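The structure appears right after this line, and notes come after that.
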Amino acid sequence: MATRPPDGASDIRPTAVRILAWQAGIGVLIAAVCLVLWGGPAGASALAGAAIGTIANLYMTLKALRPARTPGAALGALYLGQLVKVALTVGLFVAVARLPWLAWPALLVAYVATLVVFWWVPFRMAAQPGASRG
């Protein structure tokens, strides 16, 4: 039962938490801008789009950070986690597509923003020499 990585290994958990926090924060910001500029349906749609990206990534993060006994088990968990993440994303998109007030542009912009954050945060952290990683 390993709770900390072995010596020499990096702990990815602080980065994962930072990514999830940024995804949620950017989603709320985009939803607020959409709400002010285009009204309630656009704000709610943006919030739904950000939630889809963040929830799917939260699932994958929890799955990926669970300790595994062997490298093969870890790889299998990652594959299964990615499959469930994609299914969860599609299912959530199908669910919100049924909403009569849905504003697709706002939903998609917020969803794509969560994807951008997923890649941007680690690059930003890597570019900060001497920055605390945990």
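Note that the structure is a prediction, hence the values are computed from the model and not measured.
- Nearest approach of A31 to A46, heavy atoms of both residues: CA-CB, 3.7 Å.
- Here the shortest heavy-atom pairing between V117 and P122 reads O-CD, 4.2 Å.
- Both L115 and I52 belong to a common hydrophobic cluster when Ile, Leu, Val, Met, Phe, Trp and Tyr are linked at side-chain heavy-atom distances under 4.5 angstrom.
- The nearest pair of heavy atoms linking A110 to A50 is CB-N, 3.7 Å.
- Nearest heavy atom pair, residue A42 against residue A103, reads CA-CB, 4.0 Å.
- The closest side-chain heavy-atom distance from M60 to F118 is not below 4.5 Å.
- If you take NZ on K63 and CG on L80, they are separated by 5.0 Å, rounding to the nearest 0.5 Å.
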Verdict with reasoning, L75 to Y79, per side-chain contact (heavy atoms from CB on, under 4.5 Å): CA-CA 6 Å; L75 185 60; Y79 284 148; 3.6 Å; yes
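- When all heavy atoms are compared, the tightest approach of A113 to I30 is CB-CD1, 3.4 Å.
- Side-chain heavy atoms closer than 4.5 Å link hydrophobic residues (I, L, V, M, F, W, Y) into clusters, and following such links, even through other members, never connects L35 to V109.
- Under the 4.5 Å side-chain heavy-atom criterion for grouping Ile, Leu, Val, Met, Phe, Trp and Tyr, V121 is connected to W119 within one hydrophobic cluster.
- A24 and T54 make their closest contact through N-OG1, 4.0 Å (heavy atoms, listed as atom of the first residue, atom of the second, distance).
- With rounding to the nearest 0.5 angstrom, the CG atom of L58 is 10.5 Å from the NZ atom of K85.
- Using the six-membered ring where Trp is involved, F93 and W104 have ring planes that are parallel, under 30° apart on the 30 and 60° scheme.
- Under the 4.5 Å side-chain heavy-atom criterion for Ile, Leu, Val, Met, Phe, Trp and Tyr, Y59 and L92 are members of the same hydrophobic cluster.
- Within the model, atoms CH2 of W120 and CD1 of I26 stand 7.0 Å from one another, a figure rounded to the nearest 0.5 Å.
- L108 and L99 fall within a single hydrophobic cluster, where Ile, Leu, Val, Met, Phe, Trp and Tyr side chains are chained together by heavy-atom contacts under 4.5 Å.
- Side chains of T114 and N57 form no contact here, defined as non-hydrogen atoms less than 4.5 Å apart.
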